[in-house]
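Structure first, commentary second.
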Amino acid sequence: MADLPKRAEPARAGLSPRKKQRISRGVQYAVLALALVALVLYADWGSLAQNFAKPGVAREALPDLFTIALRNTIVYTVGGFVFSFLVGLLLALMRLSQVRPYRWIAIVYIEIFRGLPALLIFLMITFLPLALPGFQVPFGTYGQGILGLGLVGAAYQAEVFRAGLQAVPKGQTEAARSLGMSATRAQVTVVIPQAIRMVIPPTTNQFVALLKDSSLVLFLGVSGEYVELAKFGNDLASQYANATPIMVAGVTYLIVTVPLGYLASRLEGRKGRSR
Amino acid sequence: MTHAIEIAGLHKAFGDNEVLKGIDLTVEPGQVVCVIGPSGSGKSTLLRCVNLLETPTKGKVFVEGVEVTDPDVDIDAVRRRIGMVFQQFNLFPHMTALQNVMIAQRRVLRRSTKEAEIVARENLEKVGVGDKCDSYPGQLSGGQQQRVAIARALAMNPDLMLFDEPTSALDPELVGDVLTVMRKLAEEGMTMLVVTHEMGFAREVADRVVFMDGGVVVEEGPASQVIGDPSQERTKTFLRRVLHPED
């Protein structure tokens, strides 16, 4: 008994664990301080400010940044979100269907659209009119952007819903069925509402992901009134040969994404407390 | 007279594990039949075969003369006449007690909201949770939840009720409330098939007691006989263990 703690002692006797911890923390602070000093000494602050935070250029961006760019970002995101929510739910139900071909279709879709870079999907959408002569995505550029975001988002949202549907206890379906509800009725009145409640936090994260992915609309070759934040920032940046508009666009994204991220984790916490 | 439940040569296997090995059992209208036996003896599976929550591997089950094991049977229609109460209550957590009792009346029996609410309140009152209409299941004790579950089943005006260990998930002090409700139902003449570990309830309320072990019915008869004076050794061993766990 007596020699047990001794064996746990480090080889370098004399340094207590607490002392070692203190030294380790000191080293970490020293590295940080060195890095800061280097940054201050070697970065050209004047040039950085000129290129990334020029007040005059930032002011140029101002009214349109919110009235056009942010508004369009929200249009693309919300549209894509509604699309991916509905198609995602459908895919999740297919993925869990008794009918095997439905399961296959859902699996193939999910694997393809999760496996491909979203950018590739957007590039392909621009070629849709060539591939299908006479075909027009409804609502023009808005439709194209929403389609691209929706196709990709649906694959992820399907997996979110699948997890939610599978998390509803089997007893719920059994109780519904033994009251005489059909399988479909039980799904619609009992299982799906509970699944949706459970997936609210991950779905909020999905929304944030879509919001960021909406910047890919840039590759649809949009212009004028259809421009969203990334494209808007990029265009102005080229115009002024200055990166400030991109910074401004970035800050605008953060204004939306950071609170949503907090909301998601708060919802997560609340879910953990109840039940 | 048609039997309320008739089970003939019932087998049920999960993979290689044969849980029911040829069960024959009838329940007459108005009768209370309690099924007792050690855990893993197939009692719950037997009960779940009656409303086809489990599909029997072999054998036939009739409910009020309708063969539920017939592949062409309208099982939803049969289930409407069978109330089922689960060990884990299985209330719908996203609905209030009142909504729990109304939803199947609305969606299955197509009753009007007004009628469904009247029936729901009556039944919640009857099981003693009339003051909990607007509570969600998560806000109720186990005993209250189970009584709401009974009200939910009763609101469908079932001809018979299945109880699958209705008090096994309850804290001991809450068991009595649920048993009182069940006793009242039995007195009103409800046909009941009850899987239970409550020997006192079985002895008092049951018209017949069925003792199951290892997937077969070992002994059945009046409660006074099966519980009071069992003839089979396995029954005696089980009862000794249940009634005098300290020995």
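As a basis for the values below, the full set of heavy atoms in this structure was taken, side chains included, without hydrogen atoms, waters or symmetry mates. To find a chain, count down the sequence lines: A is the first, B the second, and so on, and within it residues start at 1.
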* Asked: Considering heavy atoms only, which positions within residues 176-191 of chain A lie below 4.5 Å of chain B?
  -> A:A176, A:R177, A:S178, A:L179, A:G180, A:M181, A:S182, A:R185, A:T189, A:V190
* To do: May I ask you to check whether A:F161 and A:F85 place their ring centers less than 6.0 Å from one another?
  => yes
* Option from A:V256, A:L229, A:L149 for which side chain to side chain contact (heavy atoms under 4.5 Å, CB included) with A:L211 holds -> A:V256
* Count the heavy-atom pairs under 4.5 Å between each of B:D76, B:V78, B:I103 and chain A, then report the option with the highest count. => B:D76
* Answer yes or no: is there a donor N or O on one side and an acceptor on the other, between the side chain of B:Q146 and the main chain of B:G143, under 3.5 Å? => no
* To do: Please confirm whether the backbone N or O of A:V208 pairs with a side-chain atom of A:Q206, one donor and one acceptor, at under 3.5 Å?
  => no
* To do: Could you check which of B:H94, B:M84, B:R80 has the highest count of heavy-atom pairs closer than 4.5 Å to chain A?
  => B:H94
* Name the region of B:L91, side chain, backbone, both or neither, that has any atom closer than 4.5 Å to a heavy atom of chain A. => backbone
* **B:F14 atom CZ: more than 12 heavy-atom contacts under 6.0 Å** => yes
* Distance-only polar pair, side chains of A:T203 and A:Q157, donor-acceptor under 3.5 Å -> yes
* **Residues of residues 34-70 of chain B contacting chain A, heavy-atom criterion under 4.5 Å, by residue number** => B:R48, B:N51, B:L53
* Close contacts, residues 138-147 of chain A versus chain B, judged by heavy atoms under 4.5 Å -> none
* To do: Mark yes or no for whether A:E159, through its side chain, and A:Y156, through its backbone, hold a donor-acceptor pair below 3.5 Å.
  => no
* Asked: Is a side-chain donor or acceptor of B:T191 paired with a backbone partner of B:G30 at a separation under 3.5 angstrom?
  -> yes
Below 3.5 Å, can you tabulate the donor-acceptor pairs from side chains in residues 96-109 of chain A to any protein atom, sequence neighbours excluded?
unit_1, atom_1, unit_2, atom_2, d
A:S97, OG, A:V99, N, 2.8
A:R103, NH1, A:S97, O, 2.9
A:Y109, OH, A:L151, O, 2.7

* Taking 4.0 angstrom as the limit, do B:K126 and B:E122 come out as a salt bridge? -> no
* Asked: Looking at A:F207 versus A:F81, is the centre-to-centre ring distance below 6.0 Å?
  -> yes
* Kindly say whether A:A175 contributes a backbone atom to a donor-acceptor pair with the side chain of A:Q172 at under 3.5 angstrom? => no
* Asked: Cation-pi between B:R152 and B:F92: NZ/CZ under 6.0 Å from ring centre and within 45° of the ring axis?
  -> yes
* Can we say B:E117 and B:R121 salt-bridge, meaning some charged N sits less than 4.0 Å from an Asp/Glu carboxylate O? -> yes
